[in-house]
Amino acid sequence: MPPSSDTKRRGAKGDKSRGRDNGTSLAAASDSSLLSREQLLELYYWMRLTRTLEERLVALYRQTKVVGGLFRSLGQEADSVGSAFALERRDVLSPLIRNLGSMLVKGAEPLEILRQYMAKADSPTRGRELNIHFGDTERGFIGQISPLGDMVPVMAGVTLTFKMRGEDRVGLVYIGDGATSTGAFHEGINFAAVQRCPLVVIIENNGYAYSTPTSKQTLAKQFIDKAIGYGVPGEQADGNDVLAVYDATKRAVDRARRGEGVSIVELMTYRRKGHAEHDNQSYVPPGEIEQWERENDPLTRYVARLRDEFGFSPADVEAVDDRVRREIDDATDVAERSGPPAPLDALTGVYADPPAARPLWFREGVGSVVDKHERPEGWGTFSTHGGEEEH
Amino acid sequence: MAEITYLEAIREALFEEMERDDSVFCIGEDIGAYGGAFKVTDGLFAKFGERRVIDSPISEVGIVGAAAGAAHMGMRPVVEMQFIDFIANAYDMLTNYVATSRYRADLACPMVVRGPSGGYVRGGPFHSQNPEAGFVHTPGLKVVYPATAEDAKGLMKAAIRDDDCVLFFEHKYLYRRIKAEMPSGDHVVPIGKARIAREGRDLSIITYAATVWKALEAAEQLEKEDGLSVEVIDLRSLAPLDDDAIQATARKTNRVLIVHEDTRTGGLAGEITARINESSFAWLDAPVLRVTAHDVPLPYAPSLEDFVLPQTGDIVRAARTLAAY
């Protein structure tokens, strides 16, 4: 669904709670009150698309069609969608492994995600990279890498360029609670702050970095306390309230666009699935996941607001659900039809020049190098939280 | 045209490329108003201003990462490592992020990381290193290490114009010790091509950077004292290596000595030896030999540093052994 250009004002309703700030607060205006009814429903579409697409990926994973690890953002869809929705088309973001929703908002297509996970020849990276690790500078998202923290300096450079060229563009980088402990996070945010780069740093506090709880990551009471050390404003928001996420991010984006530099937005959310699908979450206190699922599911919460606050009917919501299901069914059919990359393609594209390397002498003229491509047992045999929803 | 030093040649290349292409900019620690620890960027700040000659925090990860991000957006950043020893801080960013960017995500990353490298200058363990081997080992990076002022200029221009990341090692011992007149016009030296620094028939010395000059000294001495005709190959580019030049000299003289200032184990000499073994074993009259630094961190005291690093006398002795084999 293309972002709607309709920004006609709708009545401000309900509590636009901004959450806490660290005393260096951002400007106060709440922008979600400017969203049109189409845009309100669009936010729901992106969240539902994210969730249903991941559910489809789980099914494909269990059929061993996803050949590597599977990473879920279950329970964090509002944080990805709401923040990416605060950007303009020309802006650039760098996603993390749990920001499928952000990439969809920026124009990544379910078909691309499915092909990528299934390592197809026509996947965005032609089978080179896994999961949602791909980018497109035209659509405005940068392909991330696994060493965490590295994307903060990279996005500092992306936004430094916007500033150097006098372009009216903003960058947004996601970082998890865990990666705030890396040196790259510090160096990147410090550099961007000093250079007054138009950069929004979203710290997604989802409680766990793999198995490590936030309490073992930092002694800081909240991540926005770190903003003070970098001399930038910070604001915390409810990461499971898509409109609160949108508002907090929008304030930071507007600030960057005005030339006021870096802001930190900390989004409080919760990772309901393991680090990846193989992770059995044995380290999580009993009942914690279930409580978040029961009381603080971002889609359930938003559907209630759509109904109670904005007067959408159950049929409006169901129409979105149907559309999403149809789109993902269609995309799955198409994705499954593609084949694997040709082996020799592995030797192309390391450099612009030379464009390809030659196979080693012992491979000359050899067609198939193994009889069967194995899928390591370690990917996905340990899940004890299985049996989840499949639409 | 007047002769200029190796250092001035690098500066001239930066100056010309920044004038030619508005997307080229420099970033590093103390490179702006101060002109850099060795004054390589001296005068650039005055000419191009703080927008294009950026003084950064002490932050190798930050500036290498930022350069990559800028490169994705169409810029051509030139990053200075104040000493190349500090490139180790950015190892993750260079090997995991930059080197893979084109392959994994079709992200162009045209950038140069340059810095003063090498020993013989009493710099001690953290101002004397030759960390090229680890980067030569990394697919996706290009590595050059010039020995002459002409190549310093020509390779810098090629590095800036290359569409991938080039690590540009500058030998600080050579900065002000050698001079040359620059070729006229737009002087670009292609990456990946070695240079025959001295023609010879009896044995080959394959080397790069400061030890090119020691090899030439040794060749002179061997000719005078032993009547040996020694060929000296200056690799100039370490990634990609010029296989044709390596193979040609091995097959021509049938005896090869590889010399580098880097430590021995895992150094480039091992790789070059393996390539000669695979391509030209039947042509060899002797095993390929190596003269390298000893496998220790580089010490400060002259008596220690000179013992650890390869010297002209070492090259002469090794060449005599090889010739007599």
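Residue numbers start from 1 in every chain, and the chains themselves are labelled A, B, ... in the order their sequence lines are given, proteins ahead of strands.
Side-chain polar atoms of A:Glu187 and B:Asn89 form no donor-acceptor pair below 3.5 angstrom.
Between B:Leu107 and B:Tyr97, some side-chain heavy-atom pair lies under the 4.5 Å cut-off. Considering only heavy atoms from C-beta on, B:Thr273 comes within 4.5 Å of B:Ile258 through its side chain. In this structure, the side chains of B:Thr138 and B:Leu94 stay at 4.5 Å or more apart for every pair of heavy atoms.
With a 4.5 angstrom heavy-atom cutoff, B:Asp106 does not touch chain A via any of its atoms. For B:Ile191, no part lies under 4.5 angstrom from a heavy atom of chain A. Contact annotation for A:Gln144: only backbone heavy atoms (N, CA, C, O) come within less than 4.5 Å of a heavy atom of chain B. Heavy atoms of A:Ser146 lying under 4.5 Å from chain B are absent altogether. In this structure, chain B has heavy atoms under 4.5 Å from both the backbone and the side chain of A:Met164. If you measure heavy-atom distances from A:Ala193 to chain B, you find no contacts under 4.5 Å at all.
With chain B as the partner, the residue from A:Gly135, A:Ser94, A:Pro147, A:Ala184 showing the most heavy-atom pairs under 4.5 Å is A:Pro147. Between chain A and the residues B:Ser23, B:Ala108, B:Gly62, the largest count of heavy-atom pairs under 4.5 Å involves B:Gly62. Per-residue heavy-atom pair counts under 4.5 Å with chain A were compared for B:Ala105, B:Gly140, B:Pro240, and the maximum is reached by B:Gly140. The most heavy-atom pairs under 4.5 Å with chain B, out of A:Gly349, A:Gly127, A:Pro354, come from A:Gly349. Interface check for chain A: of the options B:Lys142, B:Glu278, B:His72, the most heavy-atom pairs under 4.5 Å are formed by B:Lys142. When each of A:Trp361, A:Phe162, A:Phe134, A:Phe191 is checked for heavy-atom pairs under 4.5 Å with chain B, A:Phe191 comes out on top. Among B:Asn96, B:Asp163, B:Ile58, B:Thr100, the residue making the largest number of heavy-atom pairs under 4.5 Å with chain A is B:Asn96. When each of A:Lys163, A:Met151, A:His186 is checked for heavy-atom pairs under 4.5 Å with chain B, A:Met151 comes out on top. Comparing B:Pro57, B:Cys109, B:Ser59 by heavy-atom pairs within less than 4.5 Å of chain A, the highest count is held by B:Ser59.
Between B:His137 and B:Tyr91, the distance separating the two ring centers is not shorter than 6.0 angstrom. Taking the ring centroids of B:Phe15 and B:Phe48, they lie under the 6.0 Å cut-off.
Other residues, nucleotides and ligands contribute at most 12 non-hydrogen atoms within 6.0 Å of the CD atom of A:Glu138.
With salt bridges taken as basic N to acidic carboxylate O contacts below 4.0 Å, one links B:Glu16 and B:Lys157. Checked for salt-bridge contact, A:Asp345 and A:Arg128 meet the test: a charged N lies under 4.0 Å from a carboxylate O. In summary, A:Glu88 and A:Arg169 do not engage in a salt bridge, as defined by a charged side-chain N under 4.0 Å from a carboxylate O.
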